[in-house]
There are 2 protein chains.
Amino acid sequence: MGYTEKDWLAINTIRVLAADATFHSNSGHPGAPMGMAPVAHVLFNKFMKFNPKNPKWLNRDRFVLSNGHGCMLQYALLHLFGYELSIDDLKAFRTVDSITPGHPEAHDTPGIEVTTGPLGQGISNAVGLAIAQAHTAATFNKDAFPLVDNYTYCFLGDGCLMEGVASEACSLAGHLQLGNLIAVWDDNHISIDGDTNVAFTEDVRKRYEAYGWHVVTVDDGDHDLDGIEAAIQACKEATDKPSIIALRTTIGFGSKQQGTHGVHGSPLKADDIKQLKEKFGFNPEESFAVPQDVYDAYHKHAAEGAAAEEEWNKLFAKYAEAYPQEAADLSRRLKGDLPEGWEKNLPVYTPSDAAVASRKLSETVLSKIEAALPELLGGSADLTGSNLTRWKSAVDFQPPSTGLGDYAGRYVRYGVREHGMGAIMNGLAAYGTILPYSGTFLNFVSYAAGAVRLSALSQVRVIWVATHDSIGLGEDGPTHQPIETLAHFRALPNCMVWRPADGNETSASYYVALTSKHTPSIIALSRQNLPQLEGSIIEKGIKGGYVLHEVENADITLVSTGSEVCICIDAVKYLAENHNIKARVVSMPCFEVFDAQPQEYRLSVLPDGIPSLSVEVMSTMGWERYTHEQFGLNRFGASGAYKDVYKKFEFTPEGIAKRAVATVDFWKDVPNIRSPLNRAFKQLI
Amino acid sequence: MGYTEKDWLAINTIRVLAADATFHSNSGHPGAPMGMAPVAHVLFNKFMKFNPKNPKWLNRDRFVLSNGHGCMLQYALLHLFGYELSIDDLKAFRTVDSITPGHPEAHDTPGIEVTTGPLGQGISNAVGLAIAQAHTAATFNKDAFPLVDNYTYCFLGDGCLMEGVASEACSLAGHLQLGNLIAVWDDNHISIDGDTNVAFTEDVRKRYEAYGWHVVTVDDGDHDLDGIEAAIQACKEATDKPSIIALRTTIGFGSKQQGTHGVHGSPLKADDIKQLKEKFGFNPEESFAVPQDVYDAYHKHAAEGAAAEEEWNKLFAKYAEAYPQEAADLSRRLKGDLPEGWEKNLPVYTPSDAAVASRKLSETVLSKIEAALPELLGGSADLTGSNLTRWKSAVDFQPPSTGLGDYAGRYVRYGVREHGMGAIMNGLAAYGTILPYSGTFLNFVSYAAGAVRLSALSQVRVIWVATHDSIGLGEDGPTHQPIETLAHFRALPNCMVWRPADGNETSASYYVALTSKHTPSIIALSRQNLPQLEGSIIEKGIKGGYVLHEVENADITLVSTGSEVCICIDAVKYLAENHNIKARVVSMPCFEVFDAQPQEYRLSVLPDGIPSLSVEVMSTMGWERYTHEQFGLNRFGASGAYKDVYKKFEFTPEGIAKRAVATVDFWKDVPNIRSPLNRAFKQLI
Ligand SMILES: [Ca+2]
Ligand SMILES: [Ca+2]
């Protein structure tokens with residue numbers, strides 16, 4: 001309360017910076033920053049707790065710009081508050097190698113919590129950040145030590161509200177009663193196609209009430225700073241529900257085109273910027289001008305944030321005395337390191353151990369490591385009993401009032417919400433204290449493709465436990481049997497796709513997934529039982545590809561993954577007995593990790609001089625990079641008992657042998673067969 | 001009203017058949033069929049209009065089982081009513097090559113409208129079917145000729161309601177005031193993880209009211225047949241809103257485990273089936289037994305449906321007399337044929353024509369063909385001005401009361417709802433009178449991956465206008481720049497991915513997409529301008545790959561797509577001038593279509609004896625199938641002006657030449673270089 005001209009000067013500075021930067025780069029979205037400058041000013045100055053000198057301070061309030069195209073708003077704020085983002089960075093908006101790209105990228109820019117732009121993702125990340133806060137508080141806070149009490153704030157536009165991923169995440173947020181989450185809906189009645197009345201006439205407020213949210217309306221978000229402040233305050237006080245403020249604003253406020261979609265995604269014209277600056281009392285001849293008063297005011301709030309962190313550091317020091325173990329655990333988690341020796345818990349198998357489905361092997365891994373890795377926070381999209389993602393003694397993450405668990409619980413019931421789950425995991429990982437994993441069928445990881453892509457781009461460690469990974473799921477049939485899924489995610493940069501063949505490889509998959517701080521993983525796991533293989537050990541598995549079965553003077557290399565590896569082993573015998581062909585077998589549970597091995601090692605696995613045949617019951621796409629010939633399934637599967645389905649498509653020792661014979665025959669006249677690993681040049685990375 | 005023991009006998013027959021079939025196949029979901037048998041009995045007998053002898057009759061009511069795992073309900077109904085689905089087909093439930101797969105597949109089984117199982121898809125397809133009905137009625141119905149007045153009914157479970165795709169589609173359905181759509185929510189409080197209270201506690205009724213739906217509740221869906229009938233009747237009478245009936249049921253009704261998730265996804269035990277049959281008055285020693293009374297009753301309703309079609313055929317004959325042109329158009333559409341000569345409208349270009357972005361070329365195609373192809377129904381996920389999907393004179397598909405268009409309008413404002421849009425398009429295509437296309441950025445087709453997969457599996461003709469198809473979109477940056485997307489959809493069976501290089505190839509893309517009755521297409525289009533290429537003609541483009549630039553005694557073949565083809569042409573010159581290397585250029589706008597050409601033709605395009613290099617600014621995955629070396633982008637892009645971004649990643653004549661030189665050098669010692677098209681064996685398809 002008590003807003004003055006100084007506040008409006010700051011607000012208008014943000015607006016002018018957004019107009020200048022988009023004009024300067026001749027690209028970008030001035031409308032949302034200009035419309036949301038008032039609420040941003042109030043939120044950041046009156047409520048948000050952060051220290052620009054340490055953007056990673058644990059107990060900072062989190063801010064997510066879900067309408068990421070409005071990023072000039074966020075870049076302007078970061079600059080004004082004194083983050084490592086200079087006026088030159090603003091001038092470099094949307095140019096190559098700047099830290100001010102067209103949409104906010106968390107790994108590029110200090111102060112950006114999560115990577116947004118693809119609509120609906122940010123608000124879903126915010127739900128993850130809020131879950132993370134609630135969980136971290138429930139786990140670490142003690143009487144007199146409110147270590148973690150931050151809020152998560154999120155701005156979002158109409159587009160985010162229309163996206164299904166946001167619906168999924170917000171429904172869950174209501175169920176989970178996340179009182180630490182406050183969203184601000186930029187209710188400007190405009191989207192790219194024009195007035196929202198062409199496609200979006202639902203009653204948003206009522207929908208969010210139906211989700212169990214606390215809903216507040218501010219009628220004049222352009223002028224009513226007191227009303228904005230009161231609304232945010234009311235939301236902070238609603239501690240048993242997430243809140244959303246329906247904030248009526250004018251897109252592109254101040255522009256001659258304000259209130260139209262003309263200011264949504266295109267820079268203002270020169271004359272429009274001129275009148276804007278004149279109207280707001282700026283010199284129309286100057287660009288990127290920031291009044292010193294605005295810097296002073298914002299730096300003052302930044303200094304308060306720095307002081308708050310200082311206080312917090314003292315609190316944490318005392319906490320460390322009283323609770324040394326918890327403090328050490330928290331510090332460790334924040335570095336992303338795992339506890340020393342945790343990997344000793346990974347199960348190890350010998351060939352005499354029973355055949356087990358790899359989804360079950362995954363359950364064993366989780367059960368054995370969960371105590372050593374308290375940062376593990378699991379879940380499933382309503383397939384717990386199929387994904388086997390929940391260790392027996394797990395407590396559900398639930399609002400205590402439900403009687404079904406508590407916020408210290410480490411298992412999230414995501415419901416049938418794969419995309420929301422993926423985006424929430426990104427928020428969980430971004431918070432800093434949690435290592436999230438979750439399950440669904442491999443086929444339905446595709447529902448979450450938008451979120452998985454952002455895991456990879458923003459370099460967060462999340463793990464998908466992707467069971468029922470092939471036609472081997474059997475009776476559920478083609479609607480549930482992945483064909484293209486591994487190829488899809490193998491083509492995604494910075495995403496590890498694992499498909500372990502047995503227990504030791506499952507342990508290896510988890511080892512690499514858990515220790516890769518900046519890369520998401522998808523672990524594809526079988527529904528059906530798989531034998532423990534001779535020659536499979538964790539130390540080999542973590543190389544992504546290795547020789548499982550060697551033979552001198554081999555005629556062919558069979559290269560396979562997951563449930564087909566054991567069939568290849570049987571094919572070796574069949575080939576020897578029926579065709580006098582000597583076959584070696586390579587297991588390649590992870591392309592991406594194998595690619596990262598030294599070329600010498602790689603060539604020892606897939607050497608020159610021998611033709612090779614890949615065997616995997618799905619799309620052959622991508623296998624040409626490793627093998628000369630490919631046996632796969634470039635069509636949809638079939639519904640039936642899994643053995644019948646494998647037989648139908650000839651994924652049997654005989655079927656493999658038939659193709660191995662053809663491969664040997666086809667390549668017999670080629671002298672000096674080159675391994676496909678030999679390339680004319682290296683890819684840019 | 002007036003239900004008797006005979007009705008309960010039929011209902012219990014359905015329940016027992018579901019129990020028998022799942023027990024017999026030792027797999028499947030008895031719970032939903034047993035719980036929903038009463039509403040299915042009432043709906044199909046008292047309301048639904050269909051003729052089992054002609055499952056494709058245009059004016060039939062459509063039924064969608066969105067909770068497709070409950071397909072034994074649908075298979076039982078189809079059998080009882082006399083569709084081509086025998087008792088032996090029920091016995092073959094979930095076995096290889098049966099027409100009763102684990103989830104309903106439209107192309108396999110007569111009477112199945114759309115392929116369901118992946119949750120949330122069916123209800124979204126139903127929205128598409130309802131849009132299609134409204135549009136077809138508005139287009140063809142005349143005074144005294146209510147040709148098309150069918151309803152679309154959809155059953156859905158809690159899982160469907162949790163999925164974001166359903167939220168998107170249902171929000172739009174409310175906006176569109178689809179009074180012809182009636183959904184029945186199986187409110188059984190159970191999902192796979194147990195009681196829905198673990199994850200799904202939102203107020204569903206209120207949410208659907210917020211979407212603008214008419215919401216009715218039936219408290220006892222297990223017994224209250226009169227209440228069910230009254231509810232459906234009320235929904236039919238609510239003609240300006242879609243309706244949803246919240247039907248409280250008991251999952252697995254009749255089982256000893258009724259009301260628990262124990263009956264959701266596993267067959268009943270033998271003793272449970274025994275008591276079930278005894279309780280319902282069936283002989284526990286018999287399986288798959290259908291009382292003749294039930295057949296008689298159901299066949300009677302089927303005969304009424306046949307008579308209704310007979311009446312309709314008479315009506316249509318009169319209509320054809322009064323409106324011969326409309327009748328001919330409708331008949332043609334139902335066959336999936338396009339009007340003779342339509343293709344003459346496709347624009348043709350010569351190299352002297354201006355350089356134009358292929359998204360703009362796409363707009364020109366649509367504008368030129370829309371009059372000839374009245375079945376085209378377009379749209380965009382709130383990117384109309386970017387996708388350029390709307391011809392100038394188009395009328396929006398909108399409820400007339402909005403004043404924004406009418407139901408005869410051919411352009412749908414989908415809002416920012418990509419996944420919903422994809423699933424709605426599947427419903428539109430399934431209706432039979434519409435050829436749907438829609439736009440979004442290529443990167444965001446991934447949001448709709450679940451729906452695209454079902455387009456391909458269920459063999460429907462839908463077209464994605466996927467603009468901003470690469471790093472060439474420039475400033476929006478890595479969050480919007482596809483890398484993995486083409487590989488993903490190229491790996492999907494029965495999905496054509498097009499990336500035309502100029503105007504003639506754009507026309508070729510549309511030609512093949514529009515004439516492929518059973519295959520969806522994704523047309524990837526540039527934001528940036530592309531020159532009209534020498535050597536590009538439609539007749540070559542439709543082969544999916546062809547020699548654009550030939551040269552004798554070539555040293556290398558450059559193979560490329562879309563916006564990189566013209567850079568390859570420049571590289572040819574650069575290579576000749578600077579390296580004395582002769583390069584030929586192949587344009588390959590569509591892998592899938594090229595793959596379908598005769599091998600002789602394919603080898604003339606990518607011949608033996610010459611090394612080849614692919615050039616495409618995204619993942620190289622899949623290119624190894626066609627070329628010896630690959631120049632691509634196996635990392636995320638960058639935000640900046642598109643020319644700067646291309647330069648950063650060396651997609652310039654110089655950058656291509658550098659790699660061409662390396663390729664020639666690397667392969668120079670290999671005698672008799674084989675084209676990668678030569679394979680040791682053929683894939684199963
Ligand atoms: Ca808006
Ligand atoms: Ca249910």
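Just so it is clear: chains get the letters A, B, ... in the order the sequence lines come, proteins before strands, and each one is counted from 1. Because the structure is a prediction, the values reported are computed rather than measured.
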So what's closer than 4.5 Å to chain B heavy atoms on A:N443: side chain, backbone, both or neither? side chain
Run the side-chain contact (heavy atoms from CB on, under 4.5 Å) check on B:V416 and A:D158 step by step: do they pass? CA-CA 8 Å; B:V416 191; A:D158 298 295; over 6 Å; no
Based on non-hydrogen pairs under 4.5 Å, which of A:A449, A:G159, A:A166 is most in contact with chain B? A:G159
A:V670, part contacting chain B, at a heavy-atom distance under 4.5 Å: side chain
What distance separates B:C495 SG from A:E484 CD, expressed to the nearest 0.5 Å? 9.0 Å
Kindly assign one of parallel, tilted or perpendicular to the pair B:Y447 and A:H419, based on the angle between their ring planes and the thresholds 30° and 60°. perpendicular
Test side-chain contact (heavy atoms from CB on, under 4.5 Å) applied to A:V96 and B:V645, step by step: CA-CA 7 Å; A:V96 167; B:V645 179; 3.8 Å; yes
Most heavy-atom pairs under 4.5 Å with chain B, out of A:D476, A:L633, A:T116, belong to A:D476
Supply the atom-to-atom distance A:F93 CZ to B:E475 CD, rounded to the nearest 0.5 angstrom. 9.5 Å
Most contacts with chain A, counted as non-hydrogen pairs under 4.5 angstrom, among B:Y211, B:Y414, B:F489, B:F441: B:Y211
In terms of heavy-atom pairs under 4.5 Å with chain A, which of B:H29, B:K647, B:M162 leads? B:M162
Go through the side-chain N and O atoms of B:N494 and A:R635 and say whether any donor and acceptor fall under 3.5 Å apart. no
Give the ring-plane orientation class for B:H488 versus A:H488, where under 30° counts as parallel, over 60° as perpendicular and anything between as tilted. parallel
Report the distance from atom NE2 of A:H628 to atom CZ of B:R674, rounding to the nearest 0.5 Å. 9.5 Å
Taking the six-membered ring of B:W623 as reference, does the NZ or CZ atom of A:R625 fall below 6.0 Å from its centre and within a 45° cone about the axis? no
When rounded to the nearest 0.5 angstrom, what distance separates OG in A:S639 from CZ in B:R94? 6.0 Å
Name the region of B:D108, side chain, backbone, both or neither, that has any atom closer than 4.5 Å to a heavy atom of chain A. neither
Proximal component of B:L684, with respect to chain A [non-hydrogen, under 4.5 Å]: both
Could you tell me which portion of A:S27 (side chain, backbone, both or neither) has an atom closer than 4.5 angstrom to a non-hydrogen atom of chain B? side chain
Sort B:F444 into side chain, backbone, both or neither according to what part of it lies under 4.5 angstrom from a heavy atom of chain A. side chain
Under 4.5 Å to a heavy atom of chain B? For A:L613 that would be side chain
Where does B:T384 contact chain A at under 4.5 Å (heavy atoms): side chain, backbone, both or neither? both
Does the side chain of A:F200 reach to within under 4.5 Å of the side chain of B:R417, using non-hydrogen atoms? yes
Taken to the nearest 0.5 Å, the spacing of B:Q630 CD from A:R679 CZ works out to 4.5 Å
Can you find a pair of side-chain heavy atoms, one from A:N634 and one from B:P493, that are under 4.5 Å apart? no
Cut-off 4.5 Å, heavy atoms of chain A, and the answer for B:L176 is neither
What part of B:A641 is in contact with chain A, defined as an atom under 4.5 angstrom from a non-hydrogen atom: side chain, backbone, both or neither? backbone
Mind telling me whether A:F681 and B:F631 have parallel, tilted or perpendicular rings, with 30° and 60° as the class edges? perpendicular
Drop me the distance from A:R453's CZ to B:T479's OG1, to the nearest 0.5 angstrom. 8.0 Å
